[in-house]
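Every chain is numbered from 1 and lettered A, B, ... according to where its sequence line falls, protein lines coming before strand lines.
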Amino acid sequence: MSDKKVRVRFAPSPTGGLHLGGVRTALFNYLFAKKNKGDFILRIEDTDQNRYVEGAEAYIIDCLNWCGIIPDESPVTPGQYAPYRQSERKSIYREYAERLVMQGHAYYAFDTAEELDKNRKEIPNFQYGQVYRDGLRNSLSLPQHEVDQLLAEHTPHVIRIKIPADQTVSFTDMIRGRVSFETNQVDDKVLLKADGMPTYHLAVVVDDYLMKISHAFRGEEWLPSAPVHLLLWDYLGWKADMPQWAHLPLILKPDGHGKLSKRDGARLGFPVYAMNWFDAKTGELTPGFRELGFLPEAFVNLLATLGWNDGSEREIFNIDELADKFSIDRISKAGAKFDFEKAKWFNAEWIKKVKGERLKVEVKKVLEDKDVIINDDDYLLTVIELIKDRCTLLPDFYQQSAYFFQTPAEYDLNAVKPKWTEEKTDFFNAIIELLKPTEVLVAADLESSFKALAEEKGLKTGDVMLPFRIMLVGGKFGPHVFDIAALLGKDETINRIEKALVAFK
RNA sequence: GGCCCGUUCGUCUAGGGGUUAGGACGUUAGAUUUUCAUUCUAGAAACAGGGGUUCGAUUCCCCUACGGGCUACCA
């Protein structure tokens, strides 16, 4: 590893929402940068004008913000290597492509899409490369005057790299070790498209060079095109500055096989995107972890431990701890099937771990979205502390806490009615009388007098505890019933008993 | 089809020439909680197969199988 400043980039295409794998790539870049006191750069790879989606870039930035993966340089916070959108760097790339043509490492190709499609269909294993390029329409096969004329007439054309014959291209991947490719198997990839935009292959090399990227993390799906990039770094004369590569294992479908995709989310009932993504064209909403009720702390944590561990048995880390412990040689090589159950466990752990104060904004939103009115933040905080250990996702706070703010609208009558007796009605009327003179309702006091009264009336405590809970909560859940009563206060407790007594009749 | 990458409980993983192959999620059983959840305890559960190398391989090498990725003027 060289001693040059660590600079890494996350380079997504703005084609839609950000998928788990994308966020993890961003996260690993970020963790590596922080660990090595380097810079983390966000570069938008919008070279495909057909796939460009309005709003996708803003979404990506929001998403990184939500996760706390903040770029040091980005399109909206540019550094000295601006611009950070490849579409705005269009003019830069042609020069390098032309230079390669001049040097004989690339050539102009005039074939139409139809011609190429035909070849692919008719010739088994067709690839635009050393075997077939002489029979195709390009500056290697055509006479010079014809090429000149085609260019002069502005005939649509691309620039392709000329992959050399009979060479072995190899490099050391930081995750996989030595990886080799035979150039005879590599095709002449397009570098510059007919519209003047570079393809990924050219753009990634040129920009990584110009932006002084030291380490390049990307998904394993890029491994097969690595030889093209290696060759380009060499031909452009930048070999000494080439970043170290790290091809990350893929995140796979939990069932069946293959790379996790957007469709799997809908099919298997869990999100694949970090945040909700609304596609204006199709009107389709793809759900996200954030809106489902994940905490960013949990989301980042679960992503980091998907294919990485710190060598100990610890699993819960915040982002700073992750950055501190991060190391590439602890990244696993094999793809990981995504397990939503474990993802939920991480969230539950984080809800338990953080202070109630941290949850206030999120919980308030959950409740207010359900029309629960909150006018006392301290009361809300007390409620959160009392119930957060029983919540897995943020929306669980509604079911677990709504009754602290509003009288139950419905009761689980099956739990009380079958065993309901006149004696119990008497008992609760007596409880009301007992509560009336109370100044402040203290949980422990109520509990002892409640039990004493039950005994006095010849009832088993257990026979009246559940009805009491149903009266206050509406259902068979929640914290200790006397704590609930104490929080509700004397008046509201009496009110709920009276109301429920009518319903239980 | 071709090329590349990979393979430890159902899942995420630790480990590594001699281990009772460890942890976590999930699951099962029990305890606590006169509700539910939390918590705690215990249990079931894995080195893909075949050849080498070696005194000894789950660990190193090779082959096979299986899985994944790529094979666009998409990234």
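Across all strands shown, Thr392(A) has no heavy atoms under 4.0 Å from either base or sugar-phosphate atoms. Using a 4.0 Å heavy-atom distance criterion, Lys352(A) is classed as a sugar-phosphate-only contact. Residue His480(A) is classed as a base contact, given a heavy-atom separation below 4.0 Å to a base. Residue contacts shown for Ala336(A) are limited to sugar-phosphate atoms, with no base heavy atom under 4.0 Å away. Nucleic acid contact for Asp111(A): base, since at least one base atom lies under 4.0 Å from a heavy atom of the residue. Heavy atoms of Val190(A) sit under 4.0 angstrom from primed sugar atoms or phosphate atoms, though from no base atom. Looking at heavy-atom distances under 4.0 Å, Pro156(A) makes no contact with the nucleic acid at all. Contacts of Arg469(A) with the nucleic acid, taken as non-hydrogen atoms under 4.0 Å apart, include base atoms. Gly475(A) comes within 4.0 angstrom of nothing in the nucleic acid, heavy atoms only. Residue contacts shown for Lys460(A) are absent, as no nucleic acid heavy atom lies under 4.0 Å away. At a threshold of 4.0 angstrom between heavy atoms, the contacts of Arg330(A) are confined to the sugar-phosphate backbone, with no base atom among them. Using a 4.0 Å heavy-atom distance criterion, Ser312(A) is classed as making no nucleic acid contact. Residue contacts for Ser332(A): at a heavy-atom cut-off of 4.0 Å it reaches the sugar-phosphate backbone alone, with no base atom in range.
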Show me the protein contacts with nucleotides 25-29 of chain B, counting only N or O atoms at under 3.5 Å.
unit_1, atom_1, unit_2, atom_2, d
C25(B), OP1, Trp345(A), NE1, 3.4
C25(B), O2', Lys342(A), N, 3.3

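The same atom, P, is picked in C9(B) and in A46(B); the two are 9 Å apart, to the nearest Å. Look at the C1' atom in both A42(B) and U54(B): the space between them is 40 Å, to the nearest Å. Spacing between G67(B) and A72(B) at atom P, rounded to whole Å, works out to 23 Å. Straight-line distance between the P atoms of C5(B) and A44(B): roughly 40 Å, to the nearest whole Å. Using atom P as the reference point in both A48(B) and U58(B), the two lie 10 Å apart (nearest Å).
Checked against C12(B), U34(B), C73(B), the side chain of Met465(A) finds its nearest nucleotide in U34(B). Out of U7(B), C73(B), C4(B), the shortest distance to the side chain of Ala334(A) is found at U7(B). Which of A75(B), U35(B), U38(B) sits closest to the side chain of Lys476(A) comes down to U35(B). Residue Thr199(A) has its side chain nearest to A75(B) when only A75(B), U71(B), C5(B) are considered.
In this structure, the NZ atom of Lys337(A) is 12 Å from the P atom of G69(B), given to the nearest Å. Protein atom CG of Asp187(A) is 13 Å distant from nucleotide atom C1' of C73(B), rounded to whole Å. C5(B) atom P lies 18 Å from atom CD1 of Ile331(A), rounded to whole Å. Taking atom CD of Glu313(A) as the reference point, atom C1' of G23(B) lies 4 Å away to the nearest angstrom. Between Glu115(A) atom CD and C73(B) atom P the separation is 13 Å, expressed in whole Å. Rounded to whole Å, atom P of U38(B) lies 12 Å from atom CG of Asp396(A). Atom CD1 of Ile159(A) is separated from atom P of A72(B) by 20 Å (rounded to the nearest Å). Ile161(A) has its CD1 atom 16 Å from the C1' atom of U71(B), to the nearest Å.
U7(B) is paired with A65(B) under the criterion used here, namely a Watson-Crick or G-U wobble arrangement in which both key atom distances are under 3.5 Å. A31(B) is paired with U39(B) under the criterion used here, namely a Watson-Crick or G-U wobble arrangement in which both key atom distances are under 3.5 Å. Using N1 to N3 plus N6-O4 or O6-N4 for Watson-Crick, or N1-O2 and O6-N3 for G-U wobble, each under 3.5 Å, C70(B) pairs with G2(B). The nucleotide U59(B) finds no pairing partner, because no Watson-Crick or G-U wobble arrangement with both distances shorter than 3.5 Å includes it.
With respect to the salt-bridge test (charged N to carboxylate O, under 4.0 angstrom), the residues Glu45(A) and Arg85(A) do not qualify. A salt bridge links Asp264(A) with Lys253(A): the closest approach of a Lys/Arg side-chain nitrogen to an acidic carboxylate oxygen falls below 4.0 angstrom. The pair Asp207(A)-Arg89(A) meets the salt-bridge criterion, with a side-chain N (NZ, NE, NH1 or NH2) lying under 4.0 Å from an Asp/Glu carboxylate O.
Of the residues near RNA chain B, Leu250(A) and Asp195(A), the one whose nearest nucleotide (by heavy atom distance) lies more toward the 5' end is Leu250(A). Residue whose closest nucleotide on RNA chain B sits further toward the 5' end, between Trp308(A) and Phe477(A): Trp308(A).
The heavy-atom pair separating Ser139(A) from Val147(A) by the smallest distance is CA-CG2, 3.6 Å. Pairing each heavy atom of Ser401(A) with each of Ile387(A), the nearest pair is CB-CD1, 3.3 Å.
Residue Arg120(A) has a polar side-chain atom (N or O) positioned under 4.0 Å from OP1 or OP2 of C73(B). Residue Lys253(A) has no polar side-chain atom (N or O) positioned under 4.0 Å from OP1 or OP2 of G68(B). Taking only side-chain nitrogens and oxygens, Lys388(A) never comes nearer than 4.0 Å to OP1 or OP2 of U38(B). Residue Arg51(A) places no side-chain N or O under 4.0 Å from the OP1 or OP2 atom of A75(B). Using a 4.0 Å cut-off, some side-chain N or O of Asn309(A) falls inside it from OP1 or OP2 of A14(B). OP1 and OP2 of C12(B) both lie 4.0 Å or more from every side-chain N or O belonging to Thr305(A). Proximity of Thr47(A) to the phosphate of A75(B): a side-chain N or O atom is located under 4.0 Å from OP1 or OP2. Residue Lys259(A) has no polar side-chain atom (N or O) positioned under 4.0 Å from OP1 or OP2 of G6(B). Considering only side-chain N and O atoms, Arg160(A) lies nowhere under 4.0 angstrom from the phosphate OP1 or OP2 of A72(B).
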Can you check ring-ring contact (aromatic ring centres under 6.0 Å, His included) on Tyr235(A) and Tyr96(A), steps first, answer last? CA-CA 10 Å; Tyr235(A) 294 158; Tyr96(A) 295 104; over 10 Å; no
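Counting atom types as modelled, Asn125(A) pairs no side-chain N or O with a base atom of G2(B) as donor and acceptor under 3.5 Å. With hydrogens and angles left out, the side chain of Thr461(A) and the base of U34(B) share a donor-acceptor pair within 3.5 Å.
In this structure, the ring of Phe10(A) has its center no less than 6.0 angstrom from the ring center of Phe28(A). For Phe171(A) and His229(A), the distance between ring centers is not under 6.0 angstrom.
Atom NZ of Lys476(A) has 12 or fewer heavy atoms from other residues, nucleotides or ligands within 6.0 Å.
In this structure, Phe504(A) and Trp420(A) have perpendicular ring planes: the angle between them is above 60°, well past the 30° mark.
Side-chain contact between Phe397(A) and Cys391(A): present, with at least one pair of heavy atoms (C-beta onward) separated by less than 4.5 Å.
Only one option out of Tyr273(A), Trp350(A), Phe270(A), Phe289(A) pairs with Phe294(A) in a ring pair (Phe, Tyr, Trp, His ring centres under 6.0 Å); it is Phe289(A).
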